[in-house]
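Chain naming here is simple, since letters A, B, ... match the order of the sequence lines and numbering starts at 1 in each.
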Amino acid sequence: MNISLTGQPVSRKTPARDPSRTSTGLLPLTVRSVNLSIDGTALLKDISLTIDNNKITALMGHNGAGKSLLIRVLHGILTPQSGQVEWNGQPVEDIKVRKRQSMVFQKPVLLRRSVAANIDYVLALRKLSSKTRRDELLQIAGLSEKAKQQARSLSGGEQQRLAIARALATNPEVLLMDEPTANLDPQATSRIESLIHQASEQAIKIILVTHDLAQAQRVADDVIFLDNGNVAEHSSATTFFTQPASAAGHSYISGYLQTATEKRPL
Amino acid sequence: MKSILFFIVTCSLTNAAIASQKAILVQSTTSTANSGLYEYLLPRFEEAHKTQVNVVAVGTGQAIRNASNCDADVLLVHAKSAEEKFIEEGLGVKRYDLMYNDFVLIGPENDPANIADSITAADALTGIANSSSIFASRGDNSGTHQKELGLWLEAGIDTKPHNGKWYRETGSGMGATLNTSIGMNAYTLTDRATWISFKNRGQHKVLFEGDAALFNQYGVILVSPEKCPSVNAVGGQTFIDWLTGPSGQQLIADYQLDGQQLFYPNATTD
Amino acid sequence: MQDFQHSFTYAFRLVVQADATLLEIVSLSLRVSVGATLLACLIGLPLGAILATRDFPGKWLLTVITNTLMGMPPVVLGLLVYMLLSRAGPLGWLEMLYTPGAMILVQFLLVLPIVTALTRQIIEDSWQEYKEQFRSLCLSNTTTILTLLWDTRNGLLTAALAGFARAISEVGAVIIVGGNINHLTRVMTTAIALETSKGDLALALALGMILLSIALVVNALVYSARLRVT
């Protein structure tokens, strides 16, 4: 598909950007000593990490490990009690930094308007209004036929695809996703994953919170494993799924490894 | 957004238009307004003097209070002592007698207190009190209410202990009190004009009338331009002169409802 | 007691004959109550949205006060505005007492808490859902409020209609500041009160039916407009 996710015209001569490149202007992401507690309970404990690849990073862990909180801290919509989050040396509190990122939530929050109007809204917000660009985004999401429908009347999978298209409308350099397929059936999940791959091919850095080990194996290049508010492990996906360094990571994937290794779809 | 601005503009224009005509504002009683007298008189005055007259009809007590706040050019009410107090306090320029009619006692047709044969109004009220028949009082410090209190005083009856029992204050205008009175089969004091123009009479009728004590005098007063600089003194005085003059007096005498004369002119020209 | 059928035919005759006085009263009623409702929305919608989405000292108190004022007795408000606008009062120089402007003002004050309180509740419910998404999009406060207002428009329309219903049906406030002056400040409700006090219950009831029919037409128009926009 030669449709640009970043709004840049793509000619056939220009190959998709190499995902191994680390040239996104917002990278590296540096997190230093982040502490977050809510109602007196420490939920993120002295988290430090660096992400400098331009690939797909999965953020994994048990329920309550702090994945959803951490991704919000990385995006700057949740402020920790202490610590710094810097994107290429610039603090995430800087609105210019935040505007270069997009986030997709587990439950898509669509405006009560038509599908097309949801895209138009964000385009207008960034002063990028363009009918061509909107149609392009709808085509990417596979929603061209449904442009005039009420966004909230779409199926769960369609709503999430629209949310992703809307997130891409701002031409983000980083796309943060919090369990975008948690409520979806396998078919809808697979369409979302292909959108994730496409975005990544356009050199958009992806950070994805997921519960789904199979999904992580399918899409992730590296894995950050959170355990009880700590980073237990940050390694390449291959390493994590074959030889997890941490005991917690090992126990997390062990059940899965025993039952599903043979069925790995790669 | 545009329509809102339109509303504000039209409304302020309406106000401005009326103000430029120097309309005369009259605080008056419900009895005169409900009888239709103003609908009969005002178009003729407005035609002769090209001046609009706006009438606010409330109880005499409230009319005087409103006029005391300078919210009137002319006061047209029926409670002589209160009117004279208004003049004494310097709030009004001069009081003119305008017209009169009378109060009547109305009650259920079968007349349980047997007041129809009474000689005086005080006797009639004594009859009501002795039989503990229900009496509906205005209770609103209006001209009619003040007249009623005077009659109880004359009869030597203190209604306080009976308040809420057979003596019931509605705290409302004449019309509302009549509706209540008919609803609870009560006796009530009302001015004759309101009664004649009242449509919901049910089984009630006039049971006692004709005592000189039931005389109902209307007076008209120009609000003092010294106390209230905003008063339209010229317009107000023109209106008063017209009402108390030959054409106004003749028209008051001519006004009839259901073939009955409601008001009798008695202005003294001086 | 005059029967209802009499009132029905009475109402029907007034409407069919397009009675000039009736038209005048109806038109003033609509001008005053629609004007008051629009003004109340102009202030109340953003105010309710601010109460729902922003944190500031005194917010709790302001919310409780707004909710309480929904129950303001029209007579009391009428008296307050009368005291303000009376020539002896602080705003007497405006010469607004006993004008349609005064009636719009008093109904505006009556409707404002209703629109504000209902808007606050409606927006607050949506705000919980939208909050993170809007933060992620880096929306300014103004854009946030405008977007929320537009996205909850159906609920807000009902809030506005509730405000309009309060305005068009109240008599206590307009009769005090308007004075029920014939051809100047007489509206449907004060005309009904007047006819009731004249004992003409059939005419009063007929006017009541016409008032309800007007409210019905207004609601039908707004509702069909809403269906088109949705």
J.: Determine whether the side chains of B/D71 and C/Y98 contain a donor N or O and an acceptor N or O closer than 3.5 Å.
T.: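 Distance-only check fails for B/D71 and C/Y98.
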J.: Going by distance alone, is a donor N or O of one side chain under 3.5 Å from an acceptor N or O of the other, for C/S197 and B/N34?
T.: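 Yes - a donor-acceptor pair under 3.5 Å links their side chains.
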J.: Looking only at non-hydrogen atoms, find the nearest pair between B/E39 and C/N182 and report the distance.
T.: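 For B/E39 and C/N182, the tightest heavy-atom pair comes out as OE2-ND2, 3.4 Å.
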J.: Begin from the C-alpha positions of B/N54 and C/T185 and carry the test side-chain contact (heavy atoms from CB on, under 4.5 Å) through to its verdict.
T.: CA-CA 9 Å; B/N54 295 325; C/T185 56; over 6 Å; no
J.: What are the two closest non-hydrogen atoms of C/T196 and B/F198, and how far apart are they?
T.: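 Closest approach of C/T196 to B/F198: O-CE1, 4.5 Å.
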J.: Might you confirm whether atom CE of C/M70 has over 12 heavy atoms from other residues, nucleotides or ligands at distances under 6.0 Å?
T.: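 Check passes, neighbour count above 12.
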J.: Most heavy-atom pairs under 4.5 angstrom with chain C, which of B/S230, B/A176, B/A33?
T.: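 Of B/S230, B/A176, B/A33, B/S230 has the most heavy-atom pairs under 4.5 Å with chain C.
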J.: Looking only at heavy atoms, which two atoms of B/K199 and C/D200 are closest? And how far apart?
T.: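 Nearest pair, atom of B/K199 first, then C/D200: NZ-OD2, 3.1 Å.
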J.: Chain C heavy atoms under 4.5 Å from B/S197: which part of the residue, side chain, backbone, both or neither?
T.: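 Contact with chain C is through the backbone of B/S197 alone.
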J.: Pick one of side chain, backbone, both or neither for B/Q27, based on which atoms fall under 4.5 Å of a heavy atom in chain C.
T.: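 It is the side chain, since no backbone atom gets that close.
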J.: Going from CG on C/L97 to CG on B/L25, what distance comes out if it is rounded to the nearest 0.5 angstrom?
T.: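 Interatomic distance, C/L97 CG to B/L25 CG, rounded to 0.5 Å: 7.5 Å.
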J.: Minimum heavy-atom separation for B/N179 to C/G199, with atom names?
T.: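 That closest heavy-atom pairing would be OD1-CA, 4.1 Å.
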